[in-house]
Each structure stands twice: as structure tokens, then as C-alpha cells.
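All remarks here apply to the structure that follows.
Numbering starts at 1 and runs along the sequence shown.
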Amino acid sequence: MDAHRRRSSPPAKNFSADQQPVKSMAKNPLKVKMMEQRDHDAVKASDVLPLPIYLTNAAFFTLFFSVVYFLLTRWREKIRSSTPLHVVTLSEMVAISAFVASFIYLLGFFGIDFVQSIFRPSHDVWTSEDDEVVLVREDTRKVPCGTGIDCAMPILASPVPSVPKVVDPVPVSFDLTEEDEEIVKSVVAGTTPSYSLESKLGDCARAAAIRRESLQRITGKSLSGLPLEGFDYASILGQCCEMPVGYVQVPVGIAGPLLLDGKEYSVPMATTEGCLVASTNRGCKAIMMSGGANSVLLRDAMTRAPVMRFATAKRAAELKFYVEEPANFDTLASVFNKSSRFGRLQSIKCAIAGKNLYMRFSCSTGDAMGMNMVSKGVQNVLDFLQTDFPDMDVIGISGNYCSDKKPAAVNWIEGRGKSVVCEVTITGDVVKKVLKTDVQALVELNMLKNLTGSAMAGALGGFNAHASNIVSAIFIATGQDPAQNVESSHCITMMEAVNNGQDLHVSVTMPSIEVGTVGGGTQLASQSACLNLLGVKGASREAPGSNARLLATIVAGSVLAGELSLMSAISAGHLVRSHMKYNRSSRDVTRASSS
């Protein structure tokens, strides 16, 4: 970026009186900014009107064609009646004046731009055939918006307050070429859709930078604190995120080692909540000093439940009985399994509401989380059933009986994804020295808080202290779907005094952990590195599905550690003190916000 680009944008030009915005426009900061952005080299007749440009154009179009129609009608009547054409009435004089005025306006608005476009370089690839008019003025700034300068466009003399300057300690360094500048103007004008930049440019990083700059000019807000460079935007194209303008940085901490089923794991946790990693780490220490935790995988099945409607409830029941007939299951399973090498149908559970039928398909999905896999298999079965049940009206491939990304009793009872139980016996000595409490206090607190308290609150799957904290942090770090934290955090924490009350038995039961090690965000570099740290990166060739199942048990083991530590902190009265120490910023917030 040359020295001229590094300088701040030049001051706004002085405008003559006839170029000042009218009072009604000055009251609206956004309209003033849009007027300032319009092309300085082509002042149009419509600029003096207080109406929006589309209303002004519509008015002049209507006026032009109306008077043309009127004059042609009058002249045809004169020809028929042999009246001289130069003899005009008052209404005809007004019509001629209106014709001249509207013609001059339309010529000035469209004609001049057309003539100028002949001598300008062609950028047809960036303009739509339907939108030939650029309604935004040329940006006079010499550096990209967001490089430590005020993102607001220069404001004309008016009572509108200026946008405060935003200074980024690490400025975004993207040097816009002349071609990029033209593209930015096209996006700001609305002639180039923002979503089409990747396909038109063929460069995902460049598309993200241009979209980001366009967004800043449109909104007048700086994105200087949002990183742009250092990310592989091609890796998310068509699968993870649309229309990117940067990426959010979330710190990743390591809890552990977690000793689970005889193996040690360093657990990555992406979070912005202070104390969370430290607390989970303390739980891992207590588990390690007590000989480690053990886990059991109870079930592995992703679900999808379409909803079908029939003319009568009797007809819906007939399909229910057909599907639940054991003799028909093998046929349906064969049809379902054709959709994937790893998807294998396990069961179909039906429920009726009036004349509507809900069929909950459960299937194994290998190392993938499996939503797309099971959906394809369900579609195959529905197509097959349509032959014998032509009156079946498929309302939706998902009828919420699945149930995905919503708290639901069906997931809590039947399970969804991986159902895991994890347990550990903490010795009384570790409870006192590491957790700073005693066995009886923890047992009583768990009964009154996690069990009785949650029941009083009417909790659904929330019989725990903070399972969702650990689940969310691991999900974000390993590229899982964060929204599935809703059902994946279903957990009941149990604590019981054992060995004559000397030791503490702790367990977490989690019926619906929805994880995968392939697909979605798991293939991104950062998330893939976290999966590799756990030894579950990608698909297992030796035992398909084993990596995803192992990840689910690690999640449950980490929740066990987090539950153990937080409950101990509450029992010992350390919760508030630890959060005041580790979960509060030492920065002067007032000073930071004003900088």
C-alpha cells in the first residue's frame, strides 16, 4: 500500500448552495451518506427533489408516457378534423411543456451515463442487465474502510452527528486494486449481489475482502476488530458458511489429562468463560488421582422423523401397523441402507396424532454425525411406501419428532446420537485435598440442587450443574454443530457415598450426545487439529464409527470432571470467589470503551 493510501481520507469538498441537501434529507443520516456517495461527475436533475430516487423516476416515467399518449391522441383528432397542427389549446401547451421537462430529466438521468459508459472501461461482468444505473457516489477515501479510520462517508454541512472514529490496534491490510474498487462500488450500488462474488471472482479470499469492504461502506461501521487474513475461505465454500467477511477468534484451553477407560486425553475447550477450563482441569486431576473414570456406550443411533397426513386416522394407523410389522422391517431396512455405505436402519417408532403419522427412524451413521445420511435413507423409504400408500401426503421430511436442536422428552427417554454413562469413585482423601469439601456435603448438595431443584424448575434433561458448559466448549473446538448442544447436554448427575461413606461415587448419564469426526466443521484446520489431539481425527478405517463413539465418551468424561469440580466449589463456598478472580477482566472497561 503506497504512502498516498496510508493517509487519511481527504476532507469533504465545499459544495455550493444548490448542492446542499434539503432539510428533510438532512434529518436522515443514512440518506445524507448515500447522497454523498453518489457520482460527483454526474449531478442529475433528480438531486434537487426531496423524494427517493425510485419515486422520482416513477413519477417522470408516468408523466412522460402520459403526455405522449395525450398529444398523439389530440393530433390524431386534428388530422381527422383537418385542424392545423400548429393551433394548440391551453391543455396541449401544458402537455408539451410536461413532455419537454420529463424528456430532459430522463435524458439527463439515463442518456448522459450511457454516453459516458462508451468511453469508460467495460465491467459488464459486475453489472446486472436489469440495473444499469449506479445510485451511489464514488468513494473519495484512499484507504480501505476499517484500517484505523472513520468509516463514515464525508458528511455535508448538516446537523447530523458524525460517526465516531474506530481505531484498530491491528489494522486490516487489504490493498484494493482499481478493479476491486469498481467491484466494491458495484456491490454497494446493488448491481452485483454479494453472494455471487466467489463464483464470479474464483478467489474466495478476495471475495471475502471485497464483501467486507462493501459492508463497511454500506453500514458506515468498521469491522477493523474482526480478522480477515490467515483463514482458508475456500475450505468453507458450499459447506460451512456463506458470504464470509472474516472469522471470530475463540481461545482454546486444554483440560486434563483426563484418564478415561485406561487412556489419557488432553481435552480442547473453546470458550470465553473464565474459570471453565481451570475448573474442568481440577476435576480431571481428581479423577486421575482416584484411578480414572470408566464409560459405557449404551446406544448409537441418529434419528429423523417425517410427518405424513392421510384422509382418515384409520388409514394412518394402517401404515403404522405395516411399518411396525417385523416381517416388513427387513424390506424397509434394505431400501434404507441403499442410501449409504455406513447408514444402517435399526428401528422405526411410530406415533399418531389424529390422521397424521410420525415415523421416527433410527440408524447408525459411522463416524459422521449423520443428519444428512439418515435423511437420504428416510427419503428412499418414503418413496418406496408411496407405491402401496398412494394417498400418503408427506408434509415434511422432519416433523420434530426426531427431535433436532430442541429440548424434547423423546431424546431424553429414547436417546439420540450416542447414549453414554460415565462414572468414577473419588476417594475421600482426594475430596478433601483436591476438591476442598467432604463426601456428605456433595451428596446432599447434588440431591437438593441437581435433582430436587431441577424437578422444582420443571427441567427437561437438565438434572446437572453445568453440562452444557463443557459440551459447548468441546463442540466449538472440535467442529461440531453448536446448536445441537441443546439435546447433547441432556444429563443427570448422580452422587452417592460408598465404602461406608468414606468415598464418593459420581456418574453422568447423557442419552443424546450428537457428535461426528467427519463432515461439517470437523474438516477445518483448527477443528481438525483439536480432533487430532484427541486421536479421533477423520473416519476410522479399522472400525467405522469408533472415532465418533470415542469422542462421545470423552465428552461425557469431561462433563463428569466439570460437574465434580463445580459442585465441589459450590459446596465449599468457593464459586463466587473463584469467578471474581478468574472471570473478571483486569482492564479498565471505561477507558477501553472510549479508546
Quiz item: Quick check: does any side chain N or O of Thr517 sit under 3.5 Å from a backbone N or O of Gly538, one acting as donor and the other as acceptor?
Solution: yes
Quiz prompt | Rounded distance [0.5 Å steps], CD1 in Ile554 versus CD1 in Ile474 | solution = 8.0 Å
Quiz item: Is there a donor-acceptor contact under 3.5 Å from the side chain of Asp367 to the main chain of Ala548?
Solution: yes
Self-check item: Ser364/Gln346 under side-chain contact (heavy atoms from CB on, under 4.5 Å): CA gap, chis, key distance, verdict
Solution: CA-CA 7 Å; Ser364 59; Gln346 298 178 357; 3.5 Å; yes
Quiz prompt | Close side-chain approach of Val555 to Lys418, heavy-atom, < 4.5 Å | solution = no
Exercise. Would you check if Lys376 and Ser340 make a side-chain contact, meaning some heavy-atom pair closer than 4.5 Å?
Key: no
Quiz item: Are side-chain heavy atoms of Ile470 and Val267 found at a separation under 4.5 Å?
Solution: no
Quiz item: Should Ser222 and Gln216 count as side-chain neighbours, where that means a heavy-atom distance under 4.5 Å?
Solution: yes
Quiz item: Where do Asn464 and Val559 land on the side-chain contact (heavy atoms from CB on, under 4.5 Å) test, with the steps shown first?
Solution: CA-CA 10 Å; Asn464 57 81; Val559 169; over 6 Å; no
Practice problem: I would like to know whether Leu560 and Leu258 meet side-chain contact (heavy atoms from CB on, under 4.5 Å); could you show each step before the answer? | Solution: CA-CA 10 Å; Leu560 178 67; Leu258 170 67; over 6 Å; no
Practice problem: Could you give me the CA-CA distance, side-chain angles and deciding distance for Leu197 and Ile183, then say whether side-chain contact (heavy atoms from CB on, under 4.5 Å) is met? | Solution: CA-CA 9 Å; Leu197 289 175; Ile183 302 171; 3.9 Å; yes
Practice problem: Kindly assign one of parallel, tilted or perpendicular to the pair Phe336 and Phe361, based on the angle between their ring planes and the thresholds 30° and 60°. | Solution: parallel
Exercise. Mark yes or no for whether Ser334, through its side chain, and Asp330, through its backbone, hold a donor-acceptor pair below 3.5 Å.
Key: no
Quiz prompt | Side-chain heavy atoms of Met369 within contact of Thr522, under 4.5 Å | solution = no
Quiz item: Are Arg211 and Glu198 within salt-bridge range, i.e. N to O under 4.0 Å?
Solution: yes
Quiz item: Hey, what's the ring geometry for Tyr401 with Tyr358, parallel, tilted or perpendicular (30° and 60° as the breaks)?
Solution: perpendicular
Practice problem: Of all the heavy-atom pairs spanning Glu514 and Gly417, show the shortest one and how long it is. | Solution: CG-CA, 4.3 Å
Quiz prompt | Single hit among Asp388, Asp391, Asp393 for salt bridge (Lys or Arg N to Asp or Glu O under 4.0 Å) with Arg315 | solution = Asp391
Quiz item: More than 12 non-hydrogen atoms from neighbouring residues, nucleotides or ligands closer than 6.0 Å to CD on Glu444, yes or no?
Solution: no
Practice problem: Go through the steps to decide whether Thr192 and Ser186 satisfy the test side chain to side chain donor-acceptor pair (under 3.5 Å), and finish with yes or no. | Solution: CA-CA 5 Å; Thr192 297; Ser186 180; 2.4 Å; yes
Quiz item: Can Thr493 and Glu563 be said to form a side chain to side chain donor-acceptor pair (under 3.5 Å), step by step?
Solution: CA-CA 8 Å; Thr493 300; Glu563 290 286 283; 2.6 Å; yes
Practice problem: Report the distance from atom CG of Leu260 to atom OG of Ser295, rounding to the nearest 0.5 Å. | Solution: 4.5 Å
Quiz item: Does any non-hydrogen side-chain atom of Lys355 lie less than 4.5 Å from one of Thr312?
Solution: no
